[in-house]
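Only one structure is covered here, and it is reproduced in the block below.
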Amino acid sequence: MGILDDVVINAKSVAEAVGRKAGQLVDVSKLHVSAAEVNAEITKRYQTLGQYVYENGREALAADPEAMGQMAELDGLQEQLSVINKELGDKQNKAVCPTCGRHCGSADTFCSTCGTRLQPEEPAEEPIPQEGGPNDEAAKAAAQGPAPTVSDIPPRDFP
Ligand SMILES: [Zn+2]
C-alpha cells in the first residue's frame with residue numbers, strides 16, 4: 001500500500017517539476033531531455049511496481065496465466081543468479097549468503113549484511129571428564145570459570 005502511494009506522489013512531483021522546466025525552456029533539444037528524463041522515470045516506476053507485484057501480488061494474480069508465466073521466468077532467473085553467485089563464490093573461495101546473495105569471507109560465521117548464519121552449526125565439543133567420572137560441582141565450576149580446560153576450542157558466536 002505505502003509503496004504505491006509513494007509511486008503516485010513522486011510521479012506527480014516529477015511531472016510538476018518537468019512541467020515548470022518545459023515552460024521556461026522552449027528549446028526543442030531541452031524538451032527532448034525532459035522527455036528522456038520522464039521516460040527514464042517511467043521505466044524506473046515500472047520496475048518498482050513490477051518488483052512490488054512480484055514480491056506481494058502473487059496471490060492476487062494467481063488466476064492470470066500471463067502474470068504467473070512472467071513470475072515463473074523471473075523465478076528461474078533468480079535461481080540462475082544464485083547458482084552463478086554460488087559458483088563465483090566457490091571460485092573466489094568466498095561464501096555466498098543464501099539469503100541476500102552477498103559474498104562473505106569463507107571463515108565468516110554470519111553474513112555481515114543480513115546476519116544469516118553461513119557456517120553449519122557444529123556440535124559443541126564437550127570436555128570429557130578426566131578423573132573419577134562426571135562431577136556436578138566440577139562441571140559447574142568449569143562452565144563458569146574464566147579459564148577453560150580445553151584451550152584449542154575456537155571462540156564461538158552465539159546468536
Ligand atoms: Zn546475507
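In this chain, numbering begins with 1 at the start of the sequence shown. Ligands are counted one by one from 1 in listed order, and the atoms in each one are counted from 1 as well. We use all heavy atoms of the structure for the numbers below, so side chains are in, but hydrogens, waters and symmetry mates are not.
The 12-atom threshold is exceeded at CD of E55, counting heavy atoms of other residues, nucleotides or ligands nearer than 6.0 Å.
The nearest N, O or S atom of C104 is not closer to the Zn ion (ligand 1) than 2.8 Å.
Geometry about the Zn ion (ligand 1) gives an angle of 100° between SG of C114 and SG of C97, rounded in steps of 10 degrees. Vertex the Zn ion (ligand 1); arms to C100 SG and C111 SG; angle rounded to 10 degrees, 110°.
Looking only at atom types and distance, the side chain of Q70 has a donor-acceptor partner in the side chain of E66 under 3.5 Å away.
P98 and L118 make their closest contact through CD-CD2, 4.0 Å (heavy atoms, listed as atom of the first residue, atom of the second, distance).
Side-chain contact between M71 and L61: present, with at least one pair of heavy atoms (C-beta onward) separated by less than 4.5 Å.
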